[in-house]
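So the structure is just underneath, and the comments pick up after that.
All values reported here derive from a predicted model rather than from experimental measurement.
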Amino acid sequence: MLLAAALVALLLGGAAPALAHSALRDTDPADQSVVDTPPRHITLTFTESVGLLEDSFRVYGPDNRRVPLGEPRHAPGASDTARTALPDGLADGTYTVAWRVVSADSHPVSGAFTFSVGRPSPTPPAVPATADEHPVTASLYDTGRHLAYVAAALLIGTAAFAALCRPPDTAPLRPALLTGWWTLLTATVVLLVLRAPYEAGTAPGTALDASAARTLAGRPGLALLARLALLLLTAAALLLLRRSRRGRAPETDRTPPAHLAVGAALAVALALTWAAAEHASAGLQVPSAMTSSVLHLLAMACWLGGLTALLLTLYRARTPPPPATVTRFSRLAFLSVTVLVVTGVYQSWRGLGSWNALTDSSYGRVLTLKLLATALLLSAAALSRHWTTALATAPAEPHPPTGTTTPPAPLPTAAVDGHRRALRRSVLAEAAVAVVVLLITTVLTGTLPARAESEAAESPRPQAAGLPGASAFTIPFDVGTPDGRGTVQITMDPGRVGENGVQAVVFGPDGGLTAVPELRLTFTLAARDIGPLDAKLTDRGGYWATNDLNLPLAGTWTMRLTVRTSALDQVTETRETRITR
């Protein structure tokens with residue numbers, strides 16, 4: 001039921017885009033800086049440790065050609081950096097650096113900036129347009145992450161309920177255990193397969209590329225491989241436990257301490273595969289953060305997964321569970337809630353950094369939503385605890401006093417059954433709210449912590465490649481022929497009254513730079529009956545540019561772009577642009 005509700009919520013809500021936890025803190029050379037001598041390296045510094053990709057850096061020179069680079073590495077002793085070596089003899093001009101790394105929480109993050117050697121170029125080289133993520137890959141990967149959390153709660157929580165609460169009839173719990181195990185196994189395999197295209201921002205089909213295997217050596221890949229191995233050990237342990245229980249009376253069956261120790265070790269190890277590949281493994285107080293993350297996940301699983309097991313026992317057991325079983329789970333749930341509160345407060349402090357971040361950051365707003373949902377969940381849990389107490393204190397079946405034949409007072413069966421029905425309803429409501437809390441939690445794990453956001457804001461943030469104060473446009477075109485589609489990126493500097501520089505770069509249907517025989521750009525100010533003024537773009541060998549466009553008045557100008565792809569094929573597109581004084 002928990003799994004089905006999670007699937008419905010995912011289908012109705014969709015997979016929200018994940019925001020990476022690492023933020024770029026500094027670049028060397030600095031963004032938009034001008035250096036006298038060519039640098040030997042490009043170094044990026046982030047707010048926490050990052051993983052590197054084979055194509056973490058792409059550098060384009062003043063001639064719009066890609067610069068050959070060394071293998072991406074971390075700076076010595078600094079896992080929060082990314083560095084690549086530049087070749088000797090860089091020419092004067094502006095260079096555009098596009099970068100992509102993997103955040104410590106396993107999400108990719110990317111950006112771009114510029115620097116100049118000697119003097120800036122008339123136009124910075126443009127980066128071919130590439131998406132930060134492929135929508136299909138990102139949706140599948142995020143769905144796999146959600147299902148992995150749900151399956152872990154179902155698997156660990158059901159096993160903990162069976163071992164610690166000792167219901168007489170465990171048959172209803174076996175489907176839950178199998179569902180949790182198979183769902184977690186399937187989700188883990190899917191995440192492993194999609195790991196390479198998810199990091200690169202490419203389609204799922206690229207998972208079969210030969211270079212995809214290198215992602216298995218990264219921290220997220222190793223964590224997923226360890227999770228697979230632990231799931232196989234868990235299956236073996238469950239089979240051995242089931243075999244050892246045969247022939248023993250279920251009413252008096254207690255899980256041996258050795259089996260409890262093995263189960264606890266496997267549960268802790270599974271929780272570590274999340275903590276080791278997510279935000280707890282980076283930043284401040286890593287040992288405490290990882291311990292808190294493991295305890296938080298285990299407490300969540302024991303409570304929410306245990307709720308599912310309790311529901312199955314209440315509804316599907318051959319006989320109603322005795323009050324002792326329900327009371328044991330009530331104590332387990334109380335302990336789990338206590339651990340959740342303590343670890344949640346610590347993790348909130350670690351992620352927020354200040355009280356203002358509760359309302360001023362995305363992380364704080366999602367956290368506030370989780371706190372409200374958790375308060376509602378605690379209210380439902382308190383109601384369940386009330387009915388548990390009522391059921392546990394109901395009078396036992398009376399026996400006639402010794403030596404008398406007087407029949408006893410009738411047993412209040414209707415009251416006991418009423419308590420049990422009320423408990424079923426309250427536990428069902430508790431489980432429904434728990435699903436919402438679980439989904440909000442998975443969104444929170446993919447949201448940039450306010451503390452990291454604040455740290456990144458304390459230093460100059462590199463922006464997308466471009467000129468200071470420049471106006472940028474991306475105009476698609478299509479002349480109607482098979483290869484006659486593409487986009488033109490236009491930059492106007494400074495985009496104000498007077499002299500302006502204009503640069504235009506043409507990209508083909510595959511997103512790569514392409515050459516066209518003619519590119520014309522005119523400007524018209526219809527309100528003042530001025531124009532069309534021809535920008536007189538000239539081919540500069542890979543891009544089109546002019547430094548002599550004079551726009552005499554402020555206002556909304558109409559920009560007409562004509563792209564000719566052959567002797568017979570051309571198309572004209574228009575855009576509005578605001579020119580200020």
To the nearest 0.5 Å, tell me how far [X] [atom1] sits from [Y] [atom2].
| X | Y | atom1 | atom2 | result |
| --- | --- | --- | --- | --- |
| Q32 | F115 | CD | CZ | 13.0 Å |
| W181 | L155 | CH2 | CG | 9.5 Å |
| D28 | H41 | CG | NE2 | 10.5 Å |
| L185 | L232 | CG | CG | 7.0 Å |
| L312 | T170 | CG | OG1 | 12.0 Å |
| L86 | I42 | CG | CD1 | 4.0 Å |

Original post:
Do other residues, nucleotides or ligands put more than 12 heavy atoms under 6.0 Å from the CZ atom of R174?
Top reply: yes

**OP:** Please step through side-chain contact (heavy atoms from CB on, under 4.5 Å) for the pair T27 and T43, ending with a clear verdict.
**Re:** CA-CA 6 Å; T27 68; T43 304; over 6 Å; no

Hey, are the side chains of [X] and [Y] touching, using non-hydrogen atoms and a 4.5 Å cut-off?
| X | Y | value |
| --- | --- | --- |
| T47 | D80 | no |
| L194 | P204 | yes |
| F329 | F161 | yes |
| R25 | L44 | no |

**OP:** Please test T114 against T96 for side-chain hydrogen bond (donor to acceptor under 3.5 Å, both in side chains), starting from the C-alpha separation and ending with a verdict.
**Re:** CA-CA 4 Å; T114 64; T96 294; 5.9 Å; no

Got a donor-acceptor contact below 3.5 angstrom from the [X] side chain to the [Y] backbone?
| X | Y | result |
| --- | --- | --- |
| S292 | A289 | no |
| T186 | T183 | no |
| T81 | A75 | yes |
| T143 | S139 | yes |
| S56 | L53 | yes |

Original post:
Are W99 and F46 close enough that their ring centres sit under 6.0 Å apart?
Top reply: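 Here the rings of F46 and W99 have centres that are less than 6.0 Å from each other.
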
Subject >> Check against side-chain contact (heavy atoms from CB on, under 4.5 Å), L154 and T308 >> reply: CA-CA 7 Å; L154 192 60; T308 305; 3.6 Å; yes

Subject >> V97/R58 under side-chain contact (heavy atoms from CB on, under 4.5 Å): CA gap, chis, key distance, verdict >> reply: CA-CA 6 Å; V97 180; R58 290 176 295 147; over 6 Å; no

**OP:** May I ask you to say whether D55 pairs ionically with R66, meaning some side-chain N is under 4.0 Å from a carboxylate O?
**Re:** yes

Original post:
With P76, which residues qualify under side chain to side chain contact (heavy atoms under 4.5 Å, CB included), at least two apart?
Top reply: R83

Original post:
Is it true that the side chains of T94 and S116 contain a donor and an acceptor less than 3.5 Å apart?
Top reply: yes

Subject >> Geometric cation-pi criterion R145 and W274, 6.0 Å radius, 45° cone >> reply: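 The answer is no; the distance or angle limit is not met.
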
Original post:
Hey, mind stepping through V67 and Y95 against side-chain contact (heavy atoms from CB on, under 4.5 Å) and telling me if it holds?
Top reply: CA-CA 9 Å; V67 177; Y95 292 80; 4.1 Å; yes

